[in-house]
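Below you'll find the structure, written out as structure tokens, and then a few comments.
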Amino acid sequence: MAQKIRVMVVDDSIVFRSFLIKGISEDPRFEVVGFAVNALDAKGKLPTLKPDIMTLDIEMPGMTGLEFLKEVLPSHPVPVILVSSLNVRVFDALAAGAVDFVRKPGTENGAREQFMASLRAKLAIGANAKPRLPVSSVAGHAPAQTVNTAMAPRAAGSAHSPIISATGMHPSVDVIAIGASTGGTEAILEVVRQFPARMPGIVITQHMPSGFTSMYAERLNKICKLEVREAKHGDKVQPGLILLAPGGLQMRVVRMGSGYAVSCTEEEKVSGHRPSVDVLFDSVATHVRSRAIGVILTGMGADGAAGMLRMRRAGAYTIGQDRESCVVYGMPMEAFKIGAVCMQAPLGSIHNAVLARLAKG
């Protein structure tokens with residue numbers, strides 16, 4: 001029998017804490033080894049309980065979940081899954097090292113069952129995740145790139161000045177498509193924050209529920225040199241603009257005259273997700289073909305791998321995040337295994353790989 005995953009639950013609400021403990025314990029994969037009534041309580045119990053993973057609320061009296069992460073995680077790097085209401089501080093907590101988050105359930109029918117299924121899935125994957133230190137402490141110190149040369153030429157590792165006009169137009173690249181899941185909010189930020197203002201249009205799918213994507217776009221917009229916004233149906237893909245797939249919808253790149261736009265529609269889940277990276281990458285492979293760059297970042301599962309393979313076969317240049325820098329080496333691994341990536345690179349070097357490709361003209 002496989003060893004059970006040791007879980008610690010941290011929540012100040014006795015009702016919700018009991019719900020979490022009961023729901024997690026019903027799954028034979030897990031053992032709830034203890035709980036804490038607040039972050040300060042968790043700080044004291046963590047060294048003794050030694051969980052494989054923990055759930056953490058953000059808003060708690062006394063020490064908040066965010067303060068706990070900043071103070072405790074560097075010395076006790078246990079994977080943390082945030083269990084929170086719709087709150088912009090989720091992204092501060094992810095920046096502080098939390099692995100992923102699950103939104104607290106509402107009162108609609110089936111909400112609690114869906115929440116618990118999502119939490120269990122993220123606990124199972126997250127137990128093997130590698131919590132990252134905040135980006136500010138690691139930015140600029142990435143190791144040299146690694147390259148898969150089986151099917152594509154090597155991209156230079158140093159930062160080149162891309163051939164981009166004053167309007168942001170590029171002679172050979174129209175669209176940059178990025179996909180990510182677990183650990184992706186900070187990985188995406190690490191990549192796009194280092195892009196100059198003049199870049200080809202960028203489209204991003206990050207697995208995230210509705211409500212959070214608009215807040216995440218606002219966060220990126222404040223930090224990046226490019227304009228970032230949550231995509232709306234019919235938005236044009238334009239140089240200098242990043243469009244983020246809205247949570248709960250599928251986003252595609254479609255032809256609009258001589259350029260491109262995005263289609264954001266209510267559809268079934270694909271590869272288990274809505275938005276799905278496969279949906280985005282498939283559309284780029286169909287409509288943009290060789291005039292695209294694809295990037296697949298940290299995440300569990302295989303969403304995006306098949307779509308990236310179609311992108312590569314259509315002539316696009318594709319980049320996968322390497323194992324060592326991923327929080328979860330799932331999606332990039334699956335893409336690499338099927339030959340979908342032209343090269344792999346550590347997170348801190350991916351922006352250079354994109355700029356180097358653009359510099360080829």
Side chain of Thr286, backbone of Asp282: donor and acceptor closer than 3.5 Å? yes
Measuring from atom NE2 of His76 to atom CE of Met54, what distance do you get when rounded to the nearest 0.5 angstrom? 11.0 Å
Looking at CD of Glu59 and OG of Ser84, how far apart are the two atoms once the value is rounded to the nearest 0.5 Å? 7.0 Å
Look at the side-chain heavy atoms of Ile, Leu, Val, Met, Phe, Trp and Tyr, link any pair under 4.5 Å apart, and say whether Val253 and Met256 land in one connected group. no
Using a 3.5 Å distance criterion without hydrogens, assess whether the side chain of Ser283 forms a donor-acceptor pair with backbone atoms of Leu280. yes
Measuring from Asp235:CG to Leu244:CG, what's the distance to the nearest 0.5 Å? 11.5 Å
Is Arg112 reaching over with its side chain to a backbone N or O of Phe115, donor-acceptor style, under 3.5 angstrom? no
Assess, by modelled atom type and distance only, whether the side chains of Asn352 and Ser349 contain a donor and an acceptor separated by less than 3.5 Å. no
Is there a donor-acceptor pair under 3.5 Å between the side chain of Gln250 and the backbone N or O of Glu268? yes
Could you walk me through whether Leu243 and Ile204 pass the side-chain contact (heavy atoms from CB on, under 4.5 Å) check? CA-CA 6 Å; Leu243 293 174; Ile204 298 175; over 6 Å; no
Is it the case that Thr298 and Gln321 place a side-chain donor and acceptor less than 3.5 Å from each other? no
Could you tell me the separation between the CE atom of Met8 and the CD1 atom of Ile24, rounded to the nearest 0.5 Å? 12.0 Å
Going only through I, L, V, M, F, W and Y residues with side-chain contacts under 4.5 Å, is there a path from Ile223 to Leu297? yes
Other members of the hydrophobic cluster containing Ile14, with the 4.5 Å side-chain heavy-atom rule, please. Val15
Ser25 side chain to Ile21 main-chain N or O, any donor-acceptor pair under 3.5 Å? yes
Look up atom CZ in Arg291 and atom CG in Asp174, then write down how far apart they are to the nearest 0.5 Å. 4.0 Å
Would you say Thr185 and Tyr216 make side-chain contact, with heavy atoms under 4.5 Å? yes
Ring of Phe281, cation from Arg310 - is the NZ or CZ under 6.0 Å from the centre and inside 45° of the axis? no
Cation-pi check, Lys360 onto Tyr317 ring (under 6.0 Å, within 45° of axis): no
Going by an N to O cut-off under 4.0 Å, is there a salt bridge joining Arg229 and Glu227? yes
Grouping I, L, V, M, F, W and Y whenever their side-chain heavy atoms are under 4.5 Å apart, do Val90 and Met60 come out in a common cluster? yes
Check for a donor-acceptor pair, side chain of Thr318 on one end and backbone N or O of Ala340 on the other, with a separation under 3.5 Å. yes
Glu67 and Lys70: CA distance, side-chain angles, deciding distance, salt bridge (charged side-chain N to carboxylate O under 4.0 Å, His left out) verdict: CA-CA 5 Å; Glu67 290 168 337; Lys70 290 179 176 178; over 6 Å; no
For residues Val83 and Leu73: do they belong to one hydrophobic cluster (side chain heavy atoms under 4.5 Å, members Ile, Leu, Val, Met, Phe, Trp, Tyr)? no
Could you tell me whether Arg29 atom CZ has more than 12 heavy atoms of other residues or ligands within 6.0 Å of it? yes
Using modelled atom types and a 3.5 Å cut-off, is there a donor and acceptor pairing between side-chain atoms of Asn221 and backbone atoms of Cys224? no
Thinking salt bridges, do Glu26 and Lys22 make one under a 4.0 Å N-O criterion? yes
Rounded at 0.5 Å granularity, tell me how far CE in Met208 sits from CD in Glu230. 10.0 Å
Looking only at atom types and distance, does a side-chain atom of Arg6 sit under 3.5 Å from a main-chain N or O of Leu49, one as donor and one as acceptor? yes
Give a yes or no on whether the backbone of Gly211 and the side-chain of Ser214 come within a donor-acceptor separation of less than 3.5 Å. yes
Output, in order, the C-alpha distance, side-chain angles, deciding distance and verdict of side-chain contact (heavy atoms from CB on, under 4.5 Å) for Leu226 and Ile202. CA-CA 10 Å; Leu226 298 97; Ile202 299 173; 4.2 Å; yes
Above 12 or not: heavy atoms from other molecules or residues under 6.0 Å from CZ of Phe35? no
Under the side-chain contact (heavy atoms from CB on, under 4.5 Å) criterion, do Glu267 and Arg252 qualify, and how do the steps go? CA-CA 12 Å; Glu267 301 176 34; Arg252 291 177 171 84; 2.5 Å; yes
State, yes or no, whether a side-chain contact exists between Phe68 and Thr64 at a heavy-atom distance under 4.5 Å. no
Take the angle between the ring planes of Phe212 and Phe91 and call it parallel below 30°, perpendicular above 60°, tilted in between. perpendicular
I want to check a possible cation-pi pair here: Lys130 against Tyr329, using under 6.0 Å from ring centre and within 45° of the ring axis as the test. no
Looking at Asp100 and Lys122, is there a salt bridge between them, counting it only when a charged N and a carboxylate O are closer than 4.0 Å? yes
Pick out which of Gln194, Glu190, Arg193 makes a side chain to side chain donor-acceptor pair (under 3.5 Å) with His351. Gln194
Under 4.5 Å between any side-chain heavy atoms of Glu31 and Val7, yes or no? no
Passing option when Val279 is tested against Thr205, Leu249, Thr265, Val270 for side-chain contact (heavy atoms from CB on, under 4.5 Å): Val270
Does any pair with a residue in residues 8-20 pass side chain to side chain donor-acceptor pair (under 3.5 Å), and if so which ones, sequence neighbours excluded? Asp11-Lys104
Single hit among Thr55, Val33, Asp57 for side-chain contact (heavy atoms from CB on, under 4.5 Å) with Val9: Thr55
Could you check whether atom CZ of Arg289 has more than 12 heavy atoms from other residues, nucleotides or ligands sitting under 6.0 Å from it? no
Exam field: side chain Ser276 to backbone Asp278, donor-acceptor pair closer than 3.5 Å: yes
